[in-house]
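Here's the structure, in structure tokens; my notes come after.
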Amino acid sequence: KAKQSGGDGFHFFDDDLERSAVAAAALEADLRVALAERQFTLHLQPQVDFATQEIQAAEALIRWNHPVRGFVQPNEFIGQAERSGMIVPMGLWVLEESCAILADWKTRPELSRLVLSVNVSARQFQSDDFVAQAMDVFRRTGVDPRRLKIELTESVMADHPQKVSVAMSQLKELGVTFSLDDFGTGYSSLSYLSTLPIDQLKIDRSFVSGIGQGARGLLICTATISLARSLNLTVVAEGVETEAEAHLLGDVHRCDLLQGYLFGRPMPRQDFEALCLRSPKGRQRAIRSIA
Ligand code: C2E
Ligand code: MG
Ligand code: MG
Ligand code: MG
């Protein structure tokens, strides 16, 4: 490609940049259409209390059912949605859809105690209307905010810490809980743990993978669990794929909740509900056989 421009090298870069700018604009336009045409859906992944094998919560994970490309995974579009700002209306849709699910669960006694854990991007959380929008959604749907857990990453603390802190406190007052996603993978200091109303630490999959083989990840997991304990926070591990990982985290180190392919992949809502509706004994077998 570079030789087309006589080898001056700059054109290679320019072409590339242009191509990526064009691709980014095309993706942004596609996201706009996707939102208008309701091409997004939420898949739910169980969070399991390992001691009782009970499903306590689900993480809502967005999926894009593209008319031509089929199911597109979030890592192919969330980044661009964040850069373009499209994440704000998309995130509002996620919040609305999550509360619609919670409102329905509220009317079904077997599901009414489930918590739904929703990812909120820094850019969305920092937007001026987020708290008002959330309060409006709660009012319209009648959802008890205690059933909603918001997953934030450390990046949310990087800019506008004052604003973030106020927004968290306002939502916390209503009963919303906060989980710190991908804990330990960012660049932030730990000081915000003592100043912000965080309820839960979420151990990143990168630390969980392979802990059964005695890798250093185990040390980070156990350190995170004891940090959570001493701060009176709960802790959830993501990306649990093997019995060995579940045993170490759940039995040996008493991590409160486990999430990962061992207990179920992110799945359509109907499948998740069916999983929850089985009796605890049956549920245990069902959970195991899904992995
Ligand atoms: P995340 O919030 O850290 O979500 C966990 C990711 O790990 C999910 O990927 C999930 O499918 C995957 N995962 C869970 N258990 C396992 C396991 O045992 N093994 C493996 N290999 N993977 C596992 P997913 O669904 O592709 O989402 C990727 C990221 O996209 C999420 O990471 C989150 O940062 C973002 N995302 C997803 N949905 C939303 C959303 O509705 N809003 C926003 N703002 N971001 C979202
Ligand atoms: Mg998450
Ligand atoms: Mg995570
Ligand atoms: Mg992650």
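Since the structure is predicted, the reported quantities are computational estimates derived from the model, not experimental observations. Both ligands and their constituent atoms are indexed starting at 1 by order of listing.
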task = Looking only at N, O or S atoms, find the one in Glu238 nearest to the Mg ion (ligand 3) and name it.
result = OE1
message = Quick check on Pro266 - does any of its heavy atoms sit under 4.0 Å from an atom of ligand 1?
response = yes
request  = Could you tell me whether ligand 1 has any atom less than 4.0 Å away from a heavy atom of Asn75?
outcome  = no
query = Among the heavy atoms of Lys202, does any lie under 4.0 Å from an atom of ligand 1?
reply = no
task = Give the contacting part of Ile78 toward ligand 1: side chain, backbone, both or neither, where contact means a heavy-atom distance below 4.0 Å.
result = side chain
key: Rounded distance (nearest 0.5 Å) linking atom CG of Leu35 with atom CE of Met90   = 7.0 Å
ask   = Does the distance from a Lys or Arg side-chain N to an Asp or Glu carboxylate O, for Glu96 and Arg140, drop under 4.0 Å?
value = yes
inquiry  = If you consider just the N/O/S atoms, which atom of Asp181 is the closest one to the Mg ion (ligand 2)?
reply    = OD2
ask   = Mind checking whether Ile198 and Ile225 sit in one hydrophobic cluster, side chains of I, L, V, M, F, W, Y counted as touching below 4.5 Å?
value = yes
query = Got a sec: does the CZ of Arg108 have more than 12 other heavy atoms crowding it under 6.0 Å?
reply = yes
inquiry  = Looking at ligand 1, is there an atom of it that comes within less than 4.0 Å of some heavy atom belonging to Met90?
reply    = no
The Mg ion (ligand 2) to nearest N/O/S of Ser179 less than 2.8 Å = no
Candidate list Gln45, Gln259, Lys149, test side chain to side chain donor-acceptor pair (under 3.5 Å), partner Glu59, passing option = Gln259
task = Could you check which N/O/S atom of Glu151 is closest to the Mg ion (ligand 2)?
result = OE1
4.0 Å heavy-atom contact, Gln259 with ligand 1 = no
request  = Report the member of Ser209, Pro74, Ser98, Pro46 with the shortest heavy-atom distance to atom 36 (N) of ligand 1.
outcome  = Pro74
key: Single-linkage hydrophobic cluster, 4.5 Å side-chain cutoff, Phe125 and Leu174 together   = yes
key: same_hphob_cluster(Leu248, Val235) at 4.5 Å side-chain heavy-atom cutoff   = yes
key: Polar atom proximity, Glu82 to ligand 1 (N or O, under 3.5 Å)   = no
message = side chain to side chain donor-acceptor pair (under 3.5 Å) for Thr234 and Gln200? Distances and angles first, verdict last.
response = CA-CA 5 Å; Thr234 63; Gln200 182 175 72; 3.2 Å; yes
key: Ion pair check, Asp144 and Arg113, cut-off under 4.0 Å   = no
ask   = Any idea which of Arg205, Arg265, His43 brings a heavy atom closest to atom 7 (O) of ligand 1?
value = Arg205
message = When you measure from the Mg ion (ligand 3) to the N, O or S atoms of Asp204, does any of those distances fall below 2.8 Å?
response = no
Residue Glu238 vicinity, atoms of ligand 1 by number, heavy atom under 4.0 Å = 3 (O), 5 (C)
query = Which heavy atom of Glu82 sits nearest a heavy atom of Ser121, and at what distance?
reply = OE2-OG, 2.7 Å
request  = Please could you name the atoms of ligand 1 that Glu241 approaches to less than 4.0 Å, counting only its heavy atoms?
outcome  = 17 (C), 18 (O), 19 (N), 20 (C), 21 (N)
ask   = For Ile62 and ligand 1, does the shortest N/O to N/O distance drop below 3.5 Å?
value = yes
note = Checking distances from the Mg ion (ligand 3), one finds that the N, O or S atom of Asp182 closest to it is OD1
task = Output the atom name for the N/O/S atom of Glu59 with the smallest distance to the Mg ion (ligand 2).
result = OE2
task = Examine the proximity of ligand 1 to Glu59 and report which part, side chain or backbone, both or neither, has a heavy atom under 4.0 Å away.
result = side chain
query = With a cut-off of 4.0 Å, which atoms of ligand 1 are near a heavy atom of Gly260?
reply = 15 (N), 18 (O)
inquiry  = For a 4.5 angstrom cut-off between non-hydrogen side-chain atoms, does Arg63 reach Asn65?
reply    = no
ask   = Taking the six-membered ring for Trp, is the centroid-to-centroid distance between Phe77 and His66 below 6.0 Å?
value = no
inquiry  = For the CG atom on Asn75, are there more than 12 heavy atoms of other groups (residues, nucleotides or ligands in this structure) within a distance under 6.0 Å?
reply    = yes
ask   = Side-chain heavy atoms under 4.5 angstrom apart, residues restricted to Ile, Leu, Val, Met, Phe, Trp, Tyr: same cluster for Phe272 and Val115?
value = no
ask   = Taking only heavy atoms of Gln45, which atoms of ligand 1 are found under 4.0 Å from at least one of them?
value = 14 (C), 15 (N)
request  = Any atoms of ligand 1 less than 4.0 Å from a non-hydrogen atom of Val94? List them with their elements.
outcome  = 41 (O)
request  = Could you tell me which atoms of ligand 1, counted from 1 in the order shown, lie closer than 4.0 angstrom to a heavy atom of Ser121?
outcome  = 44 (N)
query = Relative to atom 1 (P) of ligand 1, which among Asp181, Val118, Thr153 owns the nearest non-hydrogen atom?
reply = Asp181
ask   = For the hydrophobic clusters of this structure (ILVMFWY residues joined by side-chain heavy atoms under 4.5 Å, transitively), does one cluster hold both Ile87 and Val164?
value = yes
